[in-house]
Amino acid sequence: MADLFPAPRPLSQAGPGEASSSEALASRLVEAGRQGRPLRVKLGIDPTGSDIHLGHSILFRKLRAFQDAGHTAVLIIGDFTARIGDPTGKSATRVQLTAEVVAANARTYLAQLGQGQPKELSLLDFETPGRLEVRRNSEWLAGLDLPQTIELLGISTVGQMLAKEDFANRYGSGTPISLHEFLYPLLQGYDSVAIAADLELGGTDQKFNVAMGRDLQRHFGQRPQFGMLLPILPGLDGVLKMSKSLGNTVGLQEDPLSMYSKLEKVPDGVVAEYLTLLTDLDLASLPENPRERQRAMALEITRQRHGAGAALAAQADAASLVGGAQGAGAAAAEVPVASLADVNFPAKAFYLLSAVGICASSSEARRQIQGGGVKLDGDKLADPNQEFATAAELDGKVLQLGKKTFRRLVAAAPAVPGAPLQGAQP
RNA sequence: GGGUCGGUGCCCGAGUGGUUAAUGGGGGCGGACUGUAAAUCCGCUGGCUCUGCCUACGUUGGUUCAAAUCCAACCCGGCCCA
């Protein structure tokens, strides 16, 4: 049982309501075992974006551990709450999403978690009967009427809401807070009531929300859930938390090369955290050299998602990409093709770059050429006004921007129009 | 509803009548360098087949030879009062 909780952060002094402690959790586990009743472990996720990233996977790994121990994971797709937006960690009101967008996101989430795959390969166990319930909170939230909503609102106070750090900061700094944002903690707390949760998993930033769930359960005559708050994964920058909106994420569904090369360059300071939170590797058994540690970490995490073969291939590709940047080597076949069909000749160099889509605008192209960042078949282009008379003289040549961006020019229309580059921006 | 302050480029934030797409920071892109696509240093950062021409400082009008800068109305937000 100890293995289940390598780093539990039990809810303590959680504002309103009593605290839960790890002893109390342990006793409830024992009690559940005696009764032969699995615990209902809640994890809520709002389908606000289309990607699940490594930061989320800490929670899912823990949820999976509960499944493997015989408990019931209750995964709540916050299709209703997503439309409000969790104010946690936000400095501004979220844009409200439409029902269609939320529904589409929800579908991709389940696929990313491994729905339909054997449990050995998936993040959650979708196979074993009784180990997983997937619920959408619109089931019970969409039908709330005004009297019920008012009852919910009566359970908390403005003071309690403003005690929440994010609200306090925004209120203090004069950033607007819409009233509906106060509803978010209450609604997601009501989820705990609706599914009769014994335990809720969340990041440490979810303390307020988890505590709110306890209050609501008590109000509705249920035994309050325990909160297990797990560490927040730092993002690729090594400072801020991993978050889609900060652009410092690694998505679970990213291709092996992209995943490996992002992980390989995280700051040394967070490598140990990644190893601890995302892998089962033993820190002591790893090499001392920080560079090798990074590589081992990147390899292992890539392996978890894509298998050992793909991970090793990604490692090799990453090395060759950095090393021989000429494109003539290993990655030559992967260079995206750009058609010259829509380019009007004669074409000046800066116009060519924008017409082919390698630069966002012709002005940017001009600057890049002047900055010395553009090469044609390995030769640096010096003059943005250099003119090319016909498509034929460019056919088959490779245009390069910086170290990472390549386009093979083709006179005829290509079969695949400009696929995004490896390492391109999200 | 009243009073008051404010809305500037991807983001934050200077600028309060006049050479110039508009200080600075962040982010991004490029260059050099390196154990890494890290760190550091340097350059660039509105658009246009561009030696010039467009479009820009919440919106729409107005004053002026000239406005992001002055005036009016409107929209949006903060604070105080109700």
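Lettering follows sequence order; numbering is per chain, from 1.
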[N] versus [M] - spacing of their [atom1] atoms, nearest Å:
| N | M | atom1 | value |
| --- | --- | --- | --- |
| B/A68 | B/U55 | C1' | 15 Å |
| B/G35 | B/G28 | P | 24 Å |
| B/A72 | B/C79 | C1' | 25 Å |
| B/G43 | B/G25 | P | 11 Å |
| B/G27 | B/C11 | P | 16 Å |
| B/U69 | B/U16 | P | 12 Å |
| B/A82 | B/G6 | C1' | 22 Å |
| B/A56 | B/U45 | C1' | 16 Å |

Between atom [atom1] in [X] and atom [atom2] in [N], what is the gap in whole Å?
| X | N | atom1 | atom2 | answer |
| --- | --- | --- | --- | --- |
| A/Leu263 | B/A38 | CG | P | 15 Å |
| A/Glu264 | B/U34 | CD | P | 18 Å |
| A/Gln400 | B/G30 | CD | P | 10 Å |
| A/Gln370 | B/C42 | CD | P | 21 Å |
| A/Leu353 | B/G47 | CG | C1' | 16 Å |
| A/Phe167 | B/G78 | CZ | P | 15 Å |
| A/Leu401 | B/G28 | CG | C1' | 12 Å |
| A/Leu236 | B/A39 | CG | C1' | 16 Å |

### Message
Test: ring-ring contact (aromatic ring centres under 6.0 Å, His included). Region: residues 143-175 of chain A. Which pairs qualify, not counting sequence neighbours?
### Response
A/Phe167-A/Phe182
### Query
Can you list every pair that meets ring-ring contact (aromatic ring centres under 6.0 Å, His included) and has a residue in residues 360-379 of chain A, with sequence neighbours left out?
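Listed once each, the pairs would be none.
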Just jot down the salt bridge (Lys or Arg N to Asp or Glu O under 4.0 Å) partners of [X], sequence neighbours excluded, or say none.
| X | result |
| --- | --- |
| A/Asp280 | A/Arg61 |
| A/Arg64 | A/Asp68 |
| A/Arg107 | none |

### Query
Just by distance, with hydrogens left out, do A/Gln188 and A/Asp191 show a side-chain donor and acceptor under 3.5 Å apart?
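A/Asp191 and A/Gln188 do not have a side-chain donor-acceptor pair below 3.5 Å.
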### Query
Just checking, is any N or O donor in the side chain of A/Glu200 or A/Gln225 under 3.5 Å from an acceptor N or O on the other one?
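Looking only at side-chain atoms, A/Gln225 and A/Glu200 do form a donor-acceptor pair, the distance falling under 3.5 Å.
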### Query
Does A/Asp145 CG have over 12 foreign heavy atoms under 6.0 Å away?
yes
### Query
In chain order, what residues pass the ring pair (Phe, Tyr, Trp, His ring centres under 6.0 Å) check against A/His53, with sequence neighbours excluded?
A/His56
### Query
Pick the nucleotide of RNA chain B nearest each of A/Gly402 and A/Tyr171; which residue has the one closer to the 5' end?
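Here A/Gly402 is the residue nearer the 5' end.
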### Task
Kindly state each residue pair satisfying salt bridge (charged side-chain N to carboxylate O under 4.0 Å, His left out) with at least one member in residues 301-316 of chain A, sequence neighbours excluded.
A/Glu300-A/Arg303
### Message
If the condition is side chain to side chain donor-acceptor pair (under 3.5 Å), which residues does A/Arg131 pass it with, not counting sequence neighbours?
### Response
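Expected list: none.
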#### Entry: Pairing residues for A/Asn385 by the side chain to side chain donor-acceptor pair (under 3.5 Å) criterion, not counting sequence neighbours
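Side chain to side chain donor-acceptor pair (under 3.5 Å) list for A/Asn385, sorted by chain: A/Arg366.
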### Task
Give, ordered by number, those residues of residues 289-305 of chain A having at least one heavy-atom distance below 4.0 Å to an atom of RNA chain B; if nothing qualifies, reply none.
A/Pro290, A/Arg291, A/Gln294
### Query
Should stems be defined as at least three consecutive Watson-Crick or G-U pairs with both distances under 3.5 angstrom, which of them involve RNA chain B?
B:1-7 with B:75-81, B:10-12 with B:24-26, B:27-32 with B:40-45, B:46-48 with B:52-54, B:58-62 with B:70-74
Could you list the protein-to-nucleotides 48-53 of chain B atom pairs, N/O on both sides, closer than 3.5 Å?
from: B/C48; atom 1: OP1; to: A/Ser362; atom 2: N; distance (Å): 3.3
from: B/C48; atom 1: OP2; to: A/Ser361; atom 2: OG; distance (Å): 3.4
from: B/C48; atom 1: OP2; to: A/Ser362; atom 2: N; distance (Å): 2.8
from: B/C48; atom 1: OP2; to: A/Ser362; atom 2: OG; distance (Å): 3.0
from: B/C48; atom 1: OP2; to: A/Ser363; atom 2: N; distance (Å): 2.9
from: B/C48; atom 1: OP2; to: A/Ser363; atom 2: OG; distance (Å): 3.4
from: B/C48; atom 1: O5'; to: A/Ser362; atom 2: OG; distance (Å): 3.2
from: B/U49; atom 1: OP2; to: A/Ser362; atom 2: OG; distance (Å): 3.3
from: B/U49; atom 1: N3; to: A/Pro346; atom 2: O; distance (Å): 3.4
from: B/U49; atom 1: O4; to: A/Asn344; atom 2: O; distance (Å): 3.0
from: B/C50; atom 1: O2; to: A/Arg366; atom 2: NE; distance (Å): 3.0
from: B/C50; atom 1: O2; to: A/Arg366; atom 2: NH2; distance (Å): 3.1
from: B/C50; atom 1: N3; to: A/Arg366; atom 2: NE; distance (Å): 3.1
from: B/C50; atom 1: N4; to: A/Ser362; atom 2: OG; distance (Å): 2.6

